[in-house]
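Let me begin by presenting the structure, written as structure tokens, before commenting on it.
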2 protein chains.
Amino acid sequence: MAGQKSVHPTKGEFRILKVLWNQGPCTVRQVQEGLRDESGYTTVLKLMQIMLEKALLSRNEKERTHVYTAAVPEVQAKCGLVQDLIEKAFGGSAQELILQALSSRKSSPEELSEIRRMIDTIERKKP
Amino acid sequence: MAGQKSVHPTKGEFRILKVLWNQGPCTVRQVQEGLRDESGYTTVLKLMQIMLEKALLSRNEKERTHVYTAAVPEVQAKCGLVQDLIEKAFGGSAQELILQALSSRKSSPEELSEIRRMIDTIERKKP
DNA sequence: GTGTCAATACGAAACGGTTCGTAGCACTCA
DNA sequence: TGAGTGCTACGAACCGTTTCGTATTGACAC
């Protein structure tokens, strides 16, 4: 118990997690290629080592080339970020965040009805 | 022109902005008291000076005791945060963020229909 | 004037995130 | 065996945020 303390990934860490979530377990090299930018190999490696310490990643050291896996599920990490934002900026109100999200990008009618559909689903799920 | 470049408030800066949004123009002392924690006076002052440089705040120096005002509207700052999060974590999809927000806190039926009402409003506003 | 009080200004330092240079290790191939 | 390759490990350094100690200034009372 007590050790859960969900660590919040930084921006850079989140980018690495995204690659791992998409591609499944990867070597450092694979992650570095997955990030389509000029981040150097050792930079990515270092970041991943730190993430290992933070238990954001786990790794398999059986082979000489270590294989890393995301140790936090995508949903949980995103959920943490959203919770944070709701607390930090919207006084704990998810509604307010949603309103803001709705108005901050012009959503197409399709998106809006998509969202409406999601609400329907949730409503139906817990009567 | 060209100078807009909406600066993103840090966490600490955001807390100060919240006080100013709630209470209107304040002195440093008032802001420091508004933050109900142990942040020292000079710490708050320094932060506010930096925010002044970043144009997050403006101030009136007529009186000896300067009076600071939030220079960014609340909506705009929150919008920036939301945009950031959408980009960072949800691949630019506001929908996904909203779904996450809906599921990360159990919304009451009332909240859900509230949100539905908001969607109605938006839909009606731009046909 | 002189002392005191409350405010601003300035700069150093701590801290976390990030980048990168460099070293070392293991494997392969000639 | 020795050079080359590809990987991990380590540590220094940079940058932005945040904290805080200290100096300075202005107003007011005596």
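In terms of the side chain to side chain donor-acceptor pair (under 3.5 Å) criterion, B:E63 has no residue partners (sequence neighbours excluded). Applying the side chain to side chain donor-acceptor pair (under 3.5 Å) criterion to A:E53, with sequence neighbours excluded, gives no partner residue. With sequence neighbours left out, B:Q49 forms a side chain to side chain donor-acceptor pair (under 3.5 Å) with no residue at all. With sequence neighbours excluded, no residue forms a side chain to side chain donor-acceptor pair (under 3.5 Å) with B:Q95.
Residue pairs meeting the ring-ring contact (aromatic ring centres under 6.0 Å, His included) criterion with at least one member in residues 13-39 of chain A, sequence neighbours excluded, are A:F14-A:W21. The salt bridge (charged side-chain N to carboxylate O under 4.0 Å, His left out) analysis of residues 67-80 of chain A, with sequence neighbours excluded, yields the pairs A:E74-A:K78, A:K78-B:E96.
In this entry the distance linking CE of A:M48 with C1' of C:dT19 reads 16 Å, nearest Å. For the pair A:E61 CD and C:dA26 C1', the computed distance is 15 Å after rounding to whole Å. Protein atom CG of B:L56 is 11 Å distant from nucleotide atom P of D:dT18, rounded to whole Å. Distance, B:K62 NZ to D:dG26 P: 18 Å, rounded to whole Å. Across the protein-nucleic acid pair, B:Q32 atom CD and C:dA7 atom P stand 9 Å apart, rounded to whole Å.
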Item to check | Contact state string [nucleotides 10-17 of chain C, B base, S sugar-phosphate only, - no protein heavy atom under 4.0 Å] | outcome: -B-----S
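Closest heavy-atom contact between B:L57 and B:A70: CD2-CA, 3.8 Å.
In terms of phosphate contacts, B:R15 brings no side-chain nitrogen or oxygen within less than 4.0 Å of OP1 or OP2 of D:dT18. Between B:T43 and the phosphate of D:dT18, there is no side-chain N or O to OP1/OP2 separation shorter than 4.0 Å.
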Write out a two-atom table: protein N or O, nucleotide N or O from nucleotides 3-6 of chain C, distance below 3.5 Å.
from  : atom 1 : to    : atom 2 : distance (Å)
C:dA6 : N3     : B:R64 : NH2    : 2.9

For residues 111-119 of chain B, which side-chain N or O atoms pair as donor and acceptor with protein atoms under 3.5 Å away, sequence neighbours left out?
from   : atom 1 : to     : atom 2 : distance (Å)
B:E111 : OE1    : B:S108 : N      : 2.9
B:S113 : OG     : B:P109 : O      : 3.1
B:S113 : OG     : B:E110 : O      : 3.0
B:E114 : OE1    : B:R117 : NH2    : 2.6
B:R116 : NH1    : A:D120 : OD1    : 2.9
B:R116 : NH2    : A:D120 : OD1    : 3.1
B:R116 : NH2    : A:E123 : OE1    : 2.5
B:R116 : NH2    : A:E123 : OE2    : 3.4

